[in-house]
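Take a look at the structure set out below.
The figures here come from the full heavy-atom set of this structure, side chains too, leaving out hydrogens, waters and symmetry mates. Convention: sequence-line order gives letters A, B, ...; per-chain numbering from 1. Everything numeric here is computed off the predicted structure, so don't read it as measured data.
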Amino acid sequence: MESSRFYFFVFAIAILASPALSDLLLSKVDRRIYLTSHIVRISSTLKVENAGPEMVSEVLLAFPEQQAKNMAYLMATPHEGKGKVKNPVVALPVEVANPKDMPPALTFFSVSLPKGLAEGGSFTFDVLAVFTHALRPIPEQITQADIQLVLYQDSAYYLSPYAVKAQSLTVKLPDSRIESYTKLENTKIHGSEIKYGPYENLPAFSYSPIAVHFESNQPFAVAQELVREIEISHWGNVQITEHYKLIHGGAQSKGEFSRLDFQARPNVRGASAFRYLVANLPPRAHSVYYRDEIGNISTSHLRGDSKKTELLIEPRYPMFGGWRTAFTIGYGLPLQDFLYESEGKRFLNITYSSPMVELVIDTLIVKVVLPEGSSDISVAAPFHVEQWQETKISHLDIDGRPVIVLKKTNVVPEHNQYFQVYYRFNKLSMLREPLMLISGFFFFFVACIVYMRADISISKSSASYLAKHQWEEVQAVIQQVQNIISRCLAIHDKLEASLRDLYRTGDIQACKAARKAADSVLKELSRELKPLLTTLQSSPSAAQILPKVEELVAKERELQEKVMVKHSTVVDGYEKKSGARDIENRVALQQQKLTALRQEVDDLLEFIDEI
Amino acid sequence: MAAVANMPVSDLLKSFKLKTKQQELLIRVSILCLVYILAFITRLFSVLRYESMIHEFDPYFNYRTTLYLTQNGFYDFWNWFDYESWYPLGRIVGGTLYPGLMVTAALIYRILHFLRFAVHIREVCVLTAPFFASNTTLVAYFFGKEIWDTGAGLVAAILIAVCPGYISRSVAGSYDNEGVAIFALLFTFYLFVKAVNTGSLAWSLASAFGYFYMVSAWGGYVFIINLIPLYVLVLLITGRYSMRLYVAYNCMYVLGMLLAMQIRFVGFQHVQSGEHMAAMGVFFLMQVFYFLDWVKHMLSDTKLFQAFLRITVTCAVTVGTIALGLGMLSGYISPWTGRFYSLLDPTYAKDHIPIIASVSEHQPTAWSSFMFDFHILLFLFPAGLYFCFKRLSDATIFIVMYGLTSMYFAGVMVRLILVATPAVCLISAIAVSATVKNLTVLLRSKNKGVQTGSTKGSGSSKASSKALLDQSQPFQKNGAIALLFGAFYLLSKYATHCTWVTSEAYSSPSIVLAARGAHGSRVIFDDYREAYFWLRQNTPPDAKVMSWWDYGYQITAMGNRTVIVDNNTWNNTHIATVGRAMSSYEDEAIEIMRSLDVDYVLVVFGGVTGYSSDDINKFLWMVRIGGGVFPVIKEPDYLVNGEYRVDKGAAPKMLNCLMYKLCYYRFGEMLTEYGKPPGYDRARGVEIGNKDIKLEHLEEAFTTSNWIVRIYKVKPPNNRW
């Protein structure tokens, strides 16, 4: 009971230090303490009255240091009567205050009122304070079968630097199983609610410690560290990756863990453990994954509708008190839902904290990774965060992407508010990476081409190099020979065609002209062929192919002669007006030889081609 | 195959005005590209079915060391003393592993990061084996080209790309030494054969470096350093000694040996260990041969030479024997190791080294697994040998020797099928390519004859030869077509078989188990990772975990906790101590565990799910290995009439030993199957014999959701008062 003694001490100080503060007094205080989860929320409605002559525009709120240490969130809003349509509430500015002549064991916050209170004026507002790690498990170690009991301590009276006229306190518990609670005058218990008060006309700094010891099997999920990485891609995606280091922050488990008991009656033998967590992701979240250092975790479920996407994840094992786990979830979001433009600047508008339900985060680090080439970066956050910049090198980055890091400790779901990152980004920079890829491939192919074409042998006089060189020359020459031969063959075909025309039209002159043209071209070709053959003969590496080439040339010449003979025979026949049958008879034998020769030439050509 | 594929495509290509040669090149390159891609993607079944993860046991150690290498750099890796394994001995990691695989993966990782591809090292590790398998297909192509022709090369590339014998060790995620080693092995062989064929120093230098890479990657390099001398010896005996061989072998051996000494794990074994002596002997023999050649050249008198030859050979053999004998006696040359013996004599391990015999992949191979891994290659292999013998050359002799020796080793040990696979693929490729080529030549020549006959008529000489052909043609033509179809049928069967085997048998990571549920849905048992992650998160960082050695690597890699023994079975006594603890009564076991500082004990138990490779089924090996060092443990104590049982009829020692107690603790209250009594063990199909198990010194710390892994905590000793 260390802390309750501490509270008495505070109380004693408080009595001694008589208030010399402005003449405010609280005419009505309603406090509701919600202990339904492991995050303690105290919601109070305060009505302040100015009893003094001076104008007052600030109200002080006092919290014992013990509580202030665990305070994660404090917000004051003007009170709205019941039944009213909820207007968008404007929070009142709250600041840490250090008023003089105040007991040092208290932490003060000052709430600025929207307008000053004149004498006799009054104002009602709500204060929501959220605390983490305010529930202490007692006993601190439990076995698998035990239920988890936690202790909460506070004051039955509202601790305030002002006198309080009337006040009441309600403590809401998760269920009606209560181990013990402090009984004062006017204490009532009502199901899962304990009511203290009303108490009237208490002086400033009144304090009366209470302790509630009750059963709570809510998941005590505490993320000791959460790193959220928000990566913007202007190709249409916001990729969010969240690395959790989770611990069950309730009573430590001791003794055996029996899977048999846990499987048979999970709600009795394992009541204090939690088996799953729920995350409410934004709508249209896609490509969700859930994994840890050693691989994918297959126990998760995803449900989605147009309002939200609900992800239910099960850690690899049930989480008992003090057990840890670490995992990563990641998902993609459509860019147009979160990125906007204003005054030439782009800004990202996204929630700050984790999407997990009722999760306490001891240290939250949010990293916003902007696209490479972003500049002029500024951040607008709704609450104070530590801030610095880093760079991250990802796929195809040259100088890295700018990363804005926002760090905050002691984060509760109330912090899940929108924040904005403003930056400038040139659309053309988007093309940088594809262009890099394209140019990379381009240079690769160019290098290949250069390698294939360039002669990179070191010794230009070595035998193998020379042989290779000569062989290439021989190949080129043979290629030319082949060309010439095939042109010859084409001319033969032309002559044959002219003969066919002769059969049809009987135009001897045209046929003769064709013959003349063919003759000259063939002569030209044979002149071209001669130097090629001599080069082949002189080259040693052509030795094995030379006979074939020579044979080819010889056969071709023979064929040429035969074609000519046939042509003249036919033309002569026509000139002498011999009968068609007669000519045919004369030509028939020649024709047979011709076909055979042609066949041989074709075969030779093909053979040479295959070398 | 390529030649046939040529036929219909060539018309299309002609329209692009390409020469036959260019067409051929284009088709060849595109086939190779497709094979390269095929070899990669056929190994991705496991990634698609499960996830991008490391498989099995050894790959986890490789992954852990690679992670260390990328995080701490090469020098830290080289000097790494690992406190997390073999507690309390530790392990000098840098000096007891083959670093090739890790360095390769780290290098790929660095290159990718240099090119600004921010990939995770795990992805690199997972895809290293498929990547190297793809490279192997290229090497197979060049090798086939070197020993036969381009057609055989292409077929070899295709066959090896999908051969199950190779896929079994190179699917995505199986990040093991063999993944890169088979590439290195084949590459070294290819370079060596190329060196022998050309006699060029450059190629033999390249093969020395290939050998260096192989030495750095896998202990199987011993196969190379024995096969190549054997091959050289055979060439010498068959009178195929040449200057090319002299250059190739000497350069490769001397440089390869010097390079191999740079690997700390291998060290001076090349000059000190019995397994490497054959290479050295052949090296000296080569010098003698060269010397004799020279003398023969100088001496014109054959008689004189004969006498000289006799004297020199006798001297050389005597000196060699004396040197070897002295080396052996003085202990400078170590005798053959047990592993080497167990290759030569398959029964050796069973009698002398139970730790080798206990591994299922060290068992002799069954015929069915040959059929499973090779399929049609099994009977194409002899056909290929026939073709090789028909066209004997230095290169074909090499592939024949490689094929025959590796086939023998594959018969001795299941896992050496892997070494035989490239040889079998190459030789089969020769068979396929030669057959198909012969058949298509037959078909093509005839087609042309028919064509010429119909369009242009034929010359007299042609006609006569054609008439001759015509007589045998109808039968020949049909036969050729039928045989071609037969070959294609077989090859397509091979392709479907390979795909089926890959997807069904070889793509399971064995960390995650999948089964079919009652409604046909897929049920995933992720118990191993559940337990390892629990260890990682919820035990003190310096906790020591005792388990059978199979799980050591996984516990250190995934659980990040210290283990007593692991898969690097270098200290038999330490393993036997764990085996002894597991097979003793609890109060005896606790003494052993306290002496080893054990905090947690991990056992694998399949009684709930029917998972049969659990610790109870491995238990007899623990007894044997434990009993091999500590005679207190006697195998018959755990058997009833030579039978191993866990039910009521089991031996009393069995029912009360630590392993039994840890596996079946509180299992007697559990209903596993409808209509069966509680405590019904589904893996063995019996009701257990001891349902009332009390633990005195241990307590259950964690059991996974399907009970596959059970972790117990060693309680601190009781106060004495």
Side-chain angles (χ1 to χ4, degrees), chain A residues 144 245-248 253 255-264 289 291-299 314-320 322-327 392-398 400 433 436 440 464 475 479 482 591-600 602-603 606 609-611, chain B residues 19-21 24 50-54 60 113 115-119 122 200 448 452 455-463 509 511-512 524 526-534 536-538 554 557-560 608 665-667 669-670 695 699-707 710-713:
Chain A
Q144 184 184 352
K245 275 187 193 154
L246 214 68
I247 184 169
H248 184 296
S253 85
E256 278 197 344
F257 163 68
S258 167
R259 177 64 73 170
L260 183 72
D261 291 342
F262 185 73
Q263 270 171 346
Y289 66 84
R291 57 172 301 137
D292 60 25
E293 277 166 291
I294 62 171
N296 180 52
I297 309 171
S298 52
T299 46
E314 266 181 64
R316 288 194 187 268
Y317 37 84
M319 295 287 289
F320 279 88
W323 284 16
R324 288 157 203 280
T325 190
F327 56 86
K392 178 193 173 185
I393 292 184
S394 185
H395 295 298
L396 296 176
D397 286 347
I398 294 170
E433 287 171 4
M436 259 169 66
S464 64
Q475 273 182 321
Q479 192 85 48
Q482 277 178 322
Q591 183 63 44
Q592 217 171 32
K593 274 185 192 159
L594 266 179
T595 343
L597 267 176
R598 182 67 187 250
Q599 177 61 39
E600 276 174 53
D602 278 346
D603 280 354
E606 199 166 305
D609 200 41
E610 271 177 19
I611 282 171
Chain B
K19 299 234 156 28
T20 324
K21 229 173 167 175
E24 202 254 329
Y50 296 91
E51 57 182 282
S52 164
M53 67 186 290
I54 306 288
Y60 270 97
H113 272 252
L115 295 174
R116 293 291 196 239
F117 290 102
V119 291
R122 188 188 51 243
S200 124
K448 202 185 283 165
T452 49
T455 53
K456 293 167 187 166
S458 54
S460 54
S461 60
K462 199 94 183 174
I511 293 287
V512 183
I524 289 210
D526 203 358
D527 286 42
Y528 280 109
R529 287 194 293 185
E530 183 181 343
Y532 297 145
F533 204 65
W534 184 85
R536 189 186 187 103
Q537 294 287 334
N538 297 309
Q554 292 179 350
M558 285 194 272
N560 198 17
V608 176
Y665 177 65
R666 296 200 69 186
F667 183 67
E669 302 162 44
M670 171 106 178
L695 289 172
E699 64 179 17
E700 188 178 356
F702 187 70
T703 298
T704 57
S705 47
N706 298 301
W707 290 53
R710 308 195 71 181
I711 300 171
Y712 292 85
K713 189 177 183 209

Taking side chain as everything from C-beta outward and backbone as N, CA, C, O, which of these in B/E51 sits under 4.5 Å from a heavy atom of chain A? Side chain, backbone, both or neither.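 Contact with chain A is through the side chain of B/E51 alone.
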Less than 4.5 Å to any heavy atom of chain A: does that hold for the side chain of B/L115, its backbone, both, or neither?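 Just the backbone, heavy atoms under 4.5 Å.
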Report yes if some heavy atom in the side chain of [X] is under 4.5 Å from a heavy atom in the side chain of [Y]; otherwise report no.
X	Y	value
B/H113	A/I393	no
A/F257	B/W534	no
B/R710	A/R259	no
A/N296	B/Y50	no

At a 4.5 Å cut-off on heavy atoms, which part of A/I398 comes close to chain B: side chain, backbone, both, or neither?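 Answer is backbone: N, CA, C or O of A/I398 sit under 4.5 Å from chain B.
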In terms of side-chain geometry, is the basic nitrogen of A/D261 or B/R666 positioned less than 4.0 Å from the acidic oxygen of its partner?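 Salt bridge flag = yes for B/R666 with A/D261.
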Residue selection (most heavy-atom pairs with chain A, distance under 4.5 Å) from B/M53, B/E669, B/R536: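 Looking at each option in turn, the highest pair count goes to B/R536.
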Look at the side chain of B/Q537 and the backbone N and O of A/W323, then say whether any donor-acceptor pair between them is shorter than 3.5 Å.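 No, B/Q537 side chain to A/W323 backbone: no donor-acceptor pair under 3.5 Å.
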Can you tell me how far apart CD1 (A/I294) and OH (B/Y60) are? Round to the nearest 0.5 Å.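 So the gap between those two atoms works out to 7.0 Å.
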Whether A/Y317 and B/F533 hold their rings parallel, tilted or perpendicular, with breakpoints at 30° and 60°: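 A/Y317 and B/F533: tilted rings.
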Any side-chain donor paired with an acceptor under 3.5 Å for A/E256 and B/Y665?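 Their side chains do contain a donor-acceptor pair, which is all the 3.5 Å distance test asks for.
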Does NZ in A/K245 sit with more than 12 non-hydrogen atoms of other residues, nucleotides or ligands closer than 6.0 Å?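 Atom NZ in A/K245 is not packed in, count stays at 12 or less.
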